[in-house]
Each structure stands twice: as structure tokens, then as C-alpha cells.
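So the structure is just underneath, and the comments pick up after that.
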Amino acid sequence: MKKFVLIAFLLASILTSCNVDDVSNHDFYLEIVPIDSVVMPEYFVKGEVYQIDITYTQPSSCYYFNDFFYEIDGQQRTVAVVNTVYTINNTTCIDAPEEVTVHFNFHATGSETYVFKFFQGEVETNGVTVDQYYIVEVPVVLSDD
């Protein structure tokens with residue numbers, strides 16, 4: 001009988017302890033924030049790796065850099081900054097915008113010009129919201145000589 005009670009208790013504990021379907025109790029969300037500026041080389045040398053610096057503004061102390069949204073379409077790259085926004089202690093957030101610089105490494109494997117589209121926010125025109133991008137074309141050379 002003791003074994004049955006122990007097994008029933010363990011089974012009940014396992015079934016009630018984790019509820020992966022409860023998505024309403026998150027303490028954060030992800031938000032794409034506009035890019036303010038970008039530092040890039042004038043050209044790429046095929047086969048080399050380059051650090052691309054991106055500066056953006058975090059709206060409050062509840063925003064933290066998470067990752068980049070990075071989409072490849074042929075020689076075109078669309079880049080955006082993704083922040084984690086914590087909501088659990090949002091009463092302690094300080095609404096003091098802070099400039100932050102992050103970077104990613106880019107490996108120039110192609111021989112054609114790369115087109116980078118850096119997300120700079122949205123603009124509403126005549127009731128239609130349109131994404132705005134800072135577009136940079138960077139040619140590729142075969143050697144740095």
C-alpha cells in the first residue's frame with residue numbers, strides 16, 4: 001500500500017508541477033528596436049571577416065540586447081536589433097534612453113556587391129505603416145592589394 005501511495009504522489013506531482021501551456025505568465029517579451037547608426041567598411045575583400053558595429057537607443061532600463069534579426073536573400077542582408085523587454089519589475093524601470101553599440105561579424109564569401117538593409121523604424125503615411133531602412137551597398141574586391 002505504501003508503494004501505491006508513493007507512486008500516486010509522484011505521478012500527481014509530475015503531472016501538476018509543470019504546465020508548459022501557460023503562456024500568459026511571461027516576464028518579458030521581444031521587441032525590434034530601430035538602428036540609429038552603422039559603421040561598415042567601404043569595401044569587402046572576398047574571404048575576409050568584418051566586424052559591423054551598430055548603434056541603437058534602448059528606451060529604458062528594462063531593455064536589454066538579445067540578438068540580431070538577420071535575413072539573407074541572395075546578396076541582400078536585412079538586419080534589425082532585437083531587445084528583451086522585462087516586464088516583471090517594470091515599476092523599477094528608469095525611462096532614460098541609453099545609446100548602445102553592438103556588433104556582428106560578417107564573412108564576405110561572395111564576389112558581388114552586398115546590399116545591407118538596416119531597420120530604422122516604421123513611418124505611417126496615409127494610414128499605411130511602412131518599414132524604413134538605412135541601405136548600404138558594399139562592393140567586394142578580390143584582394144586588398
Side-chain angles (χ1 to χ4, degrees), residues 6-145:
L6 180 62
I7 291 172
F9 175 76
L10 289 174
L11 184 60
S13 295
I14 291 171
L15 292 176
T16 60
S17 65
C18 296
N19 184 357
V20 295
D21 294 331
D22 184 15
V23 294
S24 63
N25 195 20
H26 288 297
D27 298 335
F28 68 91
Y29 61 92
L30 299 178
E31 183 176 315
I32 293 178
V33 294
I35 293 171
D36 297 330
S37 64
V38 178
V39 176
M40 297 191 59
E42 291 181 29
Y43 61 89
F44 294 133
V45 175
K46 184 177 180 179
E48 297 292 321
V49 176
Y50 296 87
Q51 179 176 305
I52 297 176
D53 295 326
I54 295 176
T55 301
Y56 70 98
T57 302
Q58 290 177 334
S60 78
S61 63
C62 287
Y63 283 69
Y64 295 91
F65 176 75
N66 179 290
D67 203 355
F68 291 102
F69 169 83
Y70 190 84
E71 183 177 71
I72 300 171
D73 183 11
Q75 293 299 105
Q76 180 175 290
R77 306 295 188 265
T78 302
V79 182
V81 172
V82 180
N83 271 205
T84 300
V85 183
Y86 291 96
T87 59
I88 191 164
N89 290 325
N90 61 1
T91 57
T92 61
C93 292
I94 300 170
D95 285 334
E98 181 181 350
E99 193 173 83
V100 176
T101 300
V102 292
H103 71 272
F104 67 91
N105 292 326
F106 176 74
H107 186 205
T109 58
S111 57
E112 297 177 20
T113 298
Y114 285 95
V115 177
F116 287 85
K117 293 173 57 178
F118 296 98
F119 179 76
Q120 291 196 300
E122 299 174 332
V123 174
E124 186 174 324
T125 305
N126 298 327
V128 177
T129 303
V130 178
D131 291 342
Q132 298 294 302
Y133 295 95
Y134 172 59
I135 300 174
V136 180
E137 293 187 21
V138 183
V140 177
V141 297
L142 298 179
S143 70
D144 206 9
D145 299 329

Walk me through whether Phe118 and Thr78 qualify under side chain to side chain contact (heavy atoms under 4.5 Å, CB included). CA-CA 6 Å; Phe118 296 98; Thr78 302; over 6 Å; no
Close side-chain approach of Asp73 to Glu71, heavy-atom, < 4.5 Å:
no
Item to complete: Would you sort out whether Val81 and Ile54 count as a side chain to side chain contact (heavy atoms under 4.5 Å, CB included), showing the intermediate values?
Response: CA-CA 9 Å; Val81 172; Ile54 295 176; 3.9 Å; yes
Checklist entry - Do Phe106 and Arg77 come within less than 4.5 Å of each other through their side chains, counting heavy atoms only? => result yes
Is there side-chain contact between Val130 and Gln132, with heavy atoms separated by less than 4.5 Å?
yes
Any Val85 side-chain heavy atom under 4.5 Å of Tyr64 side chain
no
* With no hydrogens and no angle check, is any side-chain donor or acceptor of Gln75 less than 3.5 Å from a backbone partner on Glu112? -> yes
Across all chains, not counting sequence neighbours, the ring-ring contact (aromatic ring centres under 6.0 Å, His included) partners of Tyr63 are none
Sequence neighbours excluded, the answer for ring-ring contact (aromatic ring centres under 6.0 Å, His included) partners of Tyr134 is none
One should read off an interatomic distance between Ile135 CD1 and Gln120 CD, to the nearest 0.5 angstrom, of 9.5 Å
Check the angle between the aromatic planes of Phe44 and Tyr114 and answer parallel, tilted or perpendicular using the 30° and 60° thresholds.
perpendicular
Output for pair (Glu99 CD, Ser37 OG), nearest 0.5 Å, gives 6.5 Å
Between Glu48 and Tyr50, is there a side-chain donor-acceptor contact under 3.5 Å, judged purely by atom types and distance?
no
Would you find more than 12 non-hydrogen atoms of other residues, nucleotides or ligands less than 6.0 Å from Ile94 atom CD1?
no
Could you tell me how the ring of Phe116 sits relative to the ring of Phe104: parallel (under 30°), tilted (30 to 60°) or perpendicular (over 60°)?
-> tilted
- prompt: Yes or no on side chain to side chain contact (heavy atoms under 4.5 Å, CB included) for Asn83 and Tyr56, after CA distance, side-chain angles and deciding distance?
  reply: CA-CA 10 Å; Asn83 271 205; Tyr56 70 98; 3.2 Å; yes
To the nearest 0.5 Å, atom CD of Glu124 lies from atom OG1 of Thr129 at 4.5 Å
| side chain to side chain contact (heavy atoms under 4.5 Å, CB included) assessment of Val79 paired with Phe69 | CA-CA 6 Å; Val79 182; Phe69 169 83; over 6 Å; no
Taken in chain and number order and not counting sequence neighbours, the residues that satisfy side-chain hydrogen bond (donor to acceptor under 3.5 Å, both in side chains) with Asn66 are Thr84
- Message: Less than 3.5 Å apart, any donor N or O on the side chain of Thr57 or Asp36 sitting next to an acceptor on the other?
- Response: yes
Tell me if the CD atom of Glu42 is crowded by more than 12 foreign heavy atoms within 6.0 Å. no
For Thr87 and Tyr29 the tightest heavy-atom approach is CG2-CE2, 3.5 Å
His107 (side chain) donor-acceptor with Gly47 (main chain) under 3.5 angstrom = yes
Next item on the list: Ignoring hydrogens and angles, tell me if any N or O in the side chain of Ser60 forms a donor-acceptor pair with the backbone of Cys93 under 3.5 Å.
Entry: no
Rounded to the nearest 0.5 Å, the CD atom of Glu137 sits from the NZ atom of Lys117 at a distance of 12.0 Å
If you count the non-hydrogen atoms of other residues, nucleotides and ligands that lie under 6.0 Å from CZ in Phe28, is the total more than 12? no
Practice item. Determine whether Lys46 and Thr109 make a side-chain contact, defined as any pair of heavy atoms from C-beta on separated by less than 4.5 Å. Key: no
(Q) Any non-hydrogen side-chain atom of Val45 less than 4.5 Å from a side-chain atom of Leu142? (A) no
